[in-house]
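We number each residue from 1, following the sequence as shown. Keep in mind that what you see is a predicted model, and the values were worked out from it rather than measured. Heavy-atom basis, side chains included; hydrogens, waters and symmetry copies ignored. Ligands are counted one by one from 1 in listed order, and the atoms in each one are counted from 1 as well.
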Amino acid sequence: MPSPRRNAEGRPLAACAPSSSGSPAHGGGGGRFEFQSLLSSRAPGVDPTCARLRASESPVHRRGSFPLAGAGSSPALPSPLPEEDRMDLNPSFLGIALRSLLAIDLWLSKKLGVCAGESSSWGSVRPLMKLLEISGHGIPWLLGTLYCLSRSDSWAGREVLMNLLFSLLLDLLLVALIKGLVRRRRPAHNQMDMFFTLSVDKYSFPSGHATRAALVSRFILNHLVLAIPLRVLVVLWAFILGLSRVMLGRHNVTDVAFGFFLGYMQYSIVDYCWLSPHSAPVLFVLWNQQ
Ligand SMILES: CC(C)=CCC/C(C)=C/CC/C(C)=C/COP(=O)(O)O
């Protein structure tokens, strides 16, 4: 007679063995067998490791709850495993899609990071990319707007600049908030040699330069009267700035793509909450008194 299979501690795997043919995870029976294999783990001689494995295959446990292990007070029941130790043998379609997208994102970002270092294949273009980086940095935009605001002598000009200032501050706030919440690390090939960063800028999602590029370019296109070639130049600047973030190795492609989306949406918020001498008279009177 063949001897029963045993686990590492030498306990027989009796309760688990039938499920290889009967469990729904193996194409047989209904969902009940999962529960039976778990319940039978209370019996002496049943391998708890095996019971836990079945439990992790069950759709109930895949959602993160552990009803059977928590029910009752039997000390023989296996304690719930931490989330990271559970086996997820049947991830959802969304899970697979997201993981594939992330894998493509990492692969593509690494391929495009051709200026990540001086010795990279396009390392000689790095200084130019860093110049572009400064063109989308928060400090020059904030200082430039404040300077123009101080020099402006028309109400219309002041109104536009006041809203640009509000946009830039809103952008900094939202990007810092999301970076702090998501905490996605910058790509491994990035050299952290950016000028004047905030503490959250060690994180990469979303790209602050991309949000600013989309926000500012949409703002300019809507509030400045520009000839067509200049309008094209503004859009090109935003696009190349976004691309340069990946080429410099600062960001993954999804950081920049989401940054563009966020910046675009931020302009819609600014447009909706547009500050004017009518909607925010205090702001304008205060500024006028200076
Ligand atoms: C008023 C105030 C808090 C100004 C801070 C401006 C500042 C230091 C912005 C940081 C800009 C920056 C380096 C963002 C990082 O951009 P990524 O594209 O690398 O996310």
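Protein heavy atom at the shortest distance from atom 20 (O) of ligand 1 is K179 NZ, 2.5 Å. In this structure, atom 10 (C) of ligand 1 lies nearest to the protein heavy atom D201 OD2, 3.6 Å. Among all non-hydrogen protein atoms, the one lying nearest atom 13 (C) of ligand 1 is H137 NE2, 3.4 Å. Among all non-hydrogen protein atoms, the one lying nearest atom 17 (P) of ligand 1 is H251 NE2, 3.1 Å. What sits closest to atom 19 (O) of ligand 1 on the protein, heavy atoms only, is R245 NH2, 2.7 Å. Summary of contacts: the protein heavy atom closest to atom 16 (O) of ligand 1 is H209 ND1, 2.9 Å.
Other residues, nucleotides and ligands place more than 12 heavy atoms under 6.0 Å from the CZ atom of F195. Shown here is K110, whose NZ atom has no more than 12 heavy atoms of other residues, nucleotides or ligands within 6.0 Å.
Proximity of L172 to ligand 1, defined as any heavy-atom pair under 4.0 Å, is confined to the side chain (atoms from C-beta onward). Heavy atoms of R212 found under 4.0 angstrom from ligand 1 belong exclusively to the side chain. The part of R186 lying near ligand 1 is the side chain, judged by heavy-atom distances below 4.0 Å.
On a distance-only criterion, G208 and ligand 1 share at least one N/O pair closer than 3.5 Å.
Judged purely by distance below 3.5 Å, without hydrogens or angles, the side chains of D105 and T254 pair a donor atom with an acceptor atom. S268 and R218 form a side-chain donor-acceptor contact under 3.5 Å, judged by distance and modelled atom types alone. A donor and an acceptor atom, one from each side chain of W274 and S279, are nowhere located under 3.5 Å apart.
Looking at every heavy atom in both residues, A214 comes nearest to Y264 through CB-N, 3.8 Å. Of all non-hydrogen atoms in S135 and W237, the two that sit nearest each other are OG-NE1, 2.9 Å. Scanning both residues, F205 and D255, for their nearest heavy atoms gives CD1-OD1, 3.3 Å. Across P187 and N252, no two heavy atoms sit closer than the pair CG-OD1, 3.7 Å.
Within ligand 1, the atoms closer than 4.0 Å to a non-hydrogen atom of I139 are 6 (C), numbered from 1 in the order shown. Interface atoms of ligand 1 facing T197, defined by a heavy-atom separation under 4.0 Å, are 13 (C). Within the listing of ligand 1, atoms 18 (O), 20 (O) sit less than 4.0 angstrom from a heavy atom of S207. Near L142, meaning under 4.0 Å from one of its heavy atoms, ligand 1 places the atoms 1 (C), 4 (C).
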